[in-house]
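One is the number of the first residue; the rest follow in order along the sequence.
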Amino acid sequence: MKSTCSEQQLRGIASECLEFEHIINAMGYGYSLLNVSPNDFVRRCSDCVNWFGGECVIYQHESKKTNTLLES
């Protein structure tokens, strides 16, 4: 599934997601100044281990809800 959400929507969904795990942390590197600058770190769905190219169930549910609100 191709992402139909904007960057703002990807950030909004990820900011509230309880299942979010950044791919950098999942690789075992942890968060450090060597790989994630605190000034540049942004949670977005596409940086999550559960993303799977937009197949994440939480992302799909939230993006449908968001798109429905935008259409009305």
### Task
Measure across C48 and E19 and return the closest heavy-atom pair with its distance rounded to 0.1 Å.
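What the structure gives for the nearest pair is SG-O, 4.2 Å.
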### Over all atoms of both residues, closest heavy-atom pair of V42 and D47
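So the minimum-distance heavy-atom pair works out to O-OD2, 4.0 Å.
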### Query
Can you check whether S6's main-chain N or O pairs, donor with acceptor, with Q9's side chain at less than 3.5 Å?
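Such a contact is found between Q9 side chain and S6 backbone.
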### Query
salt bridge (charged side-chain N to carboxylate O under 4.0 Å, His left out) with E7: which residues, sequence neighbours excluded?
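Once residues adjacent in sequence are excluded, the partners of E7 under the salt bridge (charged side-chain N to carboxylate O under 4.0 Å, His left out) criterion are R11, R44.
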### Query
In chain order, what residues pass the side chain to side chain contact (heavy atoms under 4.5 Å, CB included) check against C45, with sequence neighbours excluded?
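Listed in chain order: L10, I13, A14, W51, Y59.
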